[in-house]
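In what follows, a single structure is set out as structure tokens and then discussed.
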Amino acid sequence: MISAPFSNESAAGIAHVYRGTFVHATYHTAVEILEDGLLGVDTEGKIAFIGSGKEVDRLSQKWGFEAFAVTQLGQHEFFMPGMVDTHIHASQYSYAGTALDMPLLQWLNMYTFPVEACYKDLEFARNVYTHVVKRTLRNGTTTACYFATIHTDASLLLGQIANDFGQRALVGKVCMDTNNFIPHYKETPEESEGETNRFIGELLKKKYPLVRPVVTPRFAPSCSATLLGHLGEIAQNNDLHIQSHISETKEEVSLVKELFPDYDSYTDVYHRHNLLTDKTVMAHGCHLTDGELKLFRETGASIAHCPNSNISLCSGMLDVRRVLNHKVKLGLGTDVAGGYSPSMLDAVRRTLDTSKALTIQDTQYHTLTFEEVFRLATLGGSQALSLDENTGNFEVGKDFDALRVNTDAAGGPIDLINHGEGPKVYVAGKRVVPFVERP
């Protein structure tokens with residue numbers, strides 16, 4: 001940490017200044033590369049200014065920092081925004097990479113519910129939650145939208161752990177009053193309502209700077225209409241985020257039609273209980289109709305695309321291009337443990353894989369580009385979680401939520417290949433150094 005060089009009183013709270021390459025997305029450009037940029041961060045962690053490195057003398061006079069104290073990035077380094085995981089089950093991390101031999105509904109009953117029932121044990125919860133927060137941070141996830149379990153105290157513990165490690169997080173105590181396979185892993189509607197209010201109240205009382213509660217009905221098949229109504233009121237009365245699942249599998253969609261016969265669609269179930277708002281993120285959405293996507297657009301609700309899980313559980317393939325054409329907000333999620341990897345880079349790769357698989361099925365399909373998916377993993381995720389006023393890219397006034405990437409780090413996963421002029425590789429119209437990933 002460098003502080004003394006910024007002691008000039010006219011600096012007005014400038015804490016750090018960085019010079020080098022900045023890569024981010026904007027609302028109009030999928031990837032923007034700022035070469036030899038200069039970025040200042042104030043004492044509250046906000047971006048105070050962005051300029052050119054060539055302006056260092058002028059900017060140092062204006063902002064009151066010493067030019068010699070600027071942190072200079074190396075030739076093969078760059079800053080990018082922290083990645084945003086819009087859907088991850090922290091409570092399922094202990095068995096990630098296993099138990100992927102069943103479709104969704106059977107998988108929940110056989111593996112998920114029995115494991116999640118164990119989180120009444122706070123030491124078990126502390127162990128798993130500490131690991132998942134540390135692992136996702138190491139993987140470059142600076143913001144995560146977490147499902148916990150029905151256990152209030154363990155869910156509060158997840159919020160505390162995220163705060164302690166400095167991860168921005170939306171944390172949800174799971175709500176479900178229907179579970180015919182594991183009867184002890186559910187609550188009554190009244191218990192769920194009361195415990196959700198306790199969870200929200202106690203978490204907000206902590207005043208964590210980066211952690212917020214999110215109202216979390218597991219999904220319509222595990223919630224009665226009474227419980228969904230209670231949760232909609234809680235979210236509305238407290239202006240809270242909402243998360244759940246929707247249209248992950250065709251079997252699930254059919255089940256919802258049986259359970260809620262008087263509703264127009266799966267989306268209508270949530271909408272009529274005030275659970276579809278501009279602070280709602282719904283995971284999956286593989287089988288949504290055009291009419292349902294229109295309702296998402298009208299309400300401002302978003303979709304968390306979880307391609308690893310969609311394939312691993314043979315749930316379906318979300319047509320991201322179609323969602324974006326409907327102007328629905330969309331981010332990426334790892335969906336551990338339906339998805340076997342807690343890495344957002346894996347989510348980026350699987351998103352591209354799914355788009356290419358759709359292209360194999362239809363050669364006229366407009367395949368997603370890497371640049372588009374980069375935006376979905378960063379700014380798109382912040383938009384999906386309605387956090388883009390504070391994070392997602394590099395703009396003055398936003399939090400400096402960033403990853404410092406060194407593509408030439410010793411022992412790292414990338415080999416830089418220099419062939420003189422070499423092949424010309426371009427990202428967003430700018431030439432970049434070609435590289436190959438180490439196995």
Side-chain angles (χ1 to χ4, degrees), residues 18 21-35 37 39 41 45-50 78-88 136-137 139-145 167-170 210 212 214 241 243 278-283 285 296-297 300-307 318 320-321 323-334 343-352 355 368-405 427-430 432:
Y18 301 97
T21 299
F22 296 83
V23 182
H24 72 154
T26 72
Y27 294 99
H28 306 292
T29 305
V31 173
E32 181 177 73
I33 301 174
L34 308 174
E35 296 181 294
L39 183 147
V41 184
K46 303 286 187 181
I47 298 173
F49 65 84
I50 304 173
F78 63 91
F79 275 117
M80 63 171 281
M83 289 183 284
V84 181
D85 190 340
T86 60
H87 184 70
I88 175 171
T136 52
L137 280 169
N139 287 343
T141 300
T142 59
T143 300
C145 190
Q167 186 177 56
R168 189 186 311 271
L170 296 175
L210 298 177
R212 304 179 190 179
V214 50
H241 287 80
Q243 65 174 345
D278 60 358
K279 286 189 172 181
T280 295
V281 58
M282 290 284 173
F296 266 75
R297 169 60 179 169
S302 62
I303 292 174
H305 177 38
C306 306
L318 177 65
V320 171
R321 179 69 68 196
V323 173
L324 296 179
N325 286 343
H326 275 274
K327 301 188 184 305
V328 173
K329 296 182 296 183
L330 184 142
L332 306 184
T334 59
S343 167
M344 280 297 295
L345 283 179
D346 175 84
V348 167
R349 297 182 183 111
R350 300 289 83 80
T351 297
L352 287 166
S355 185
L368 294 172
T369 66
F370 167 77
E371 291 89 344
E372 290 176 299
V373 179
F374 172 85
R375 176 161 56 184
L376 295 178
T378 54
L379 181 59
S382 290
Q383 291 177 288
L385 298 182
S386 298
L387 297 174
D388 55 306
E389 288 187 2
N390 299 314
T391 187
N393 64 354
F394 302 131
E395 291 184 2
V396 171
K398 289 190 176 184
D399 294 345
F400 185 55
D401 183 331
L403 306 176
R404 183 173 176 175
V405 180
V427 173
K430 290 184 176 290
V432 296

Using side-chain hydrogen bond (donor to acceptor under 3.5 Å, both in side chains) as the criterion, list what pairs up with His87, not counting sequence neighbours. His89, His245, Asp335
Not counting sequence neighbours, which residues clear side-chain contact (heavy atoms from CB on, under 4.5 Å) with Ser382? List them please. Val84, Asp388, Thr391
What is the minimum heavy-atom distance between Ser302 and Ala384, and which atoms define it? OG-O, 2.7 Å
Taking it one step at a time, do Arg168 and Asp399 satisfy side-chain contact (heavy atoms from CB on, under 4.5 Å)? CA-CA 11 Å; Arg168 189 186 311 271; Asp399 294 345; 3.0 Å; yes
Using 0.5 Å steps for rounding, measure from the CG atom of Asn390 to the NZ atom of Lys398. 8.5 Å
With sequence neighbours excluded, tell me which residues meet side-chain contact (heavy atoms from CB on, under 4.5 Å) with Arg375. Ala25, Ala30, Leu379
Verify, without hydrogens or angle tests, whether Thr29 (side chain) and Glu32 (backbone) share a donor-acceptor contact under 3.5 angstrom. no
Can you find a heavy atom in the side chain of Arg297 that is under 4.5 Å from one in the side chain of His326? no
Do Leu318 and Ile303 come within less than 4.5 Å of each other through their side chains, counting heavy atoms only? yes
For Gln383, side-chain hydrogen bond (donor to acceptor under 3.5 Å, both in side chains) partners two or more places apart: none
Find the distance between CG (Leu137) and CE (Met83) and round it off to the nearest 0.5 Å. 11.0 Å
Please walk me through it: do Leu330 and Leu376 pass side-chain contact (heavy atoms from CB on, under 4.5 Å)? CA-CA 7 Å; Leu330 184 142; Leu376 295 178; 3.8 Å; yes
When you look at Val323 and Phe296, which way does the side-chain contact (heavy atoms from CB on, under 4.5 Å) test go after all the steps? CA-CA 10 Å; Val323 173; Phe296 266 75; over 6 Å; no
Rounded to the nearest 0.5 Å, how far apart are NZ of Lys279 and CG of Leu385? 11.5 Å
Nearest 0.5 angstrom please: Met282 CE to Gln243 CD, how far? 9.5 Å
Could you measure the distance from the CG atom of Leu332 to the OG1 atom of Thr86? Nearest 0.5 Å is fine. 6.5 Å
Considering non-hydrogen atoms only, spot the tightest contact between His241 and Ser386 and give its length. NE2-CB, 4.1 Å
Partner residues of Glu389 under the side-chain hydrogen bond (donor to acceptor under 3.5 Å, both in side chains) criterion, sequence neighbours left out: none
On the 0 to 90° scale, with breaks at 30° and 60°, tag the Phe400-Phe79 ring pair as parallel, tilted or perpendicular. perpendicular
Nearest heavy atoms of Val348 and Phe370, plus distance in Å: CG1-CE1, 4.4 Å
Test of understanding: with side-chain contact (heavy atoms from CB on, under 4.5 Å), list the residues that count as partners of Thr141, not counting sequence neighbours. Asp85, Thr136, Ala144, Gln167, Met344
Start with the C-alpha distance between Phe78 and Ile33, add both sets of side-chain angles, then the distance that settles side-chain contact (heavy atoms from CB on, under 4.5 Å), and finish with yes or no. CA-CA 10 Å; Phe78 63 91; Ile33 301 174; over 6 Å; no
Nearest non-hydrogen partners of Asn393 and Pro81, listed with the distance: CA-CG, 3.9 Å
Should the ring pair Phe394 and Phe22 be called parallel, tilted or perpendicular, given that the plane angle runs from 0 to 90° and is split at 30 and 60? perpendicular
Drop me the distance from Asp278's CG to Lys329's NZ, to the nearest 0.5 angstrom. 6.0 Å
Might you point out which heavy atoms bring Gly333 and Ala347 nearest each other, and give the distance in Å? O-CB, 4.1 Å
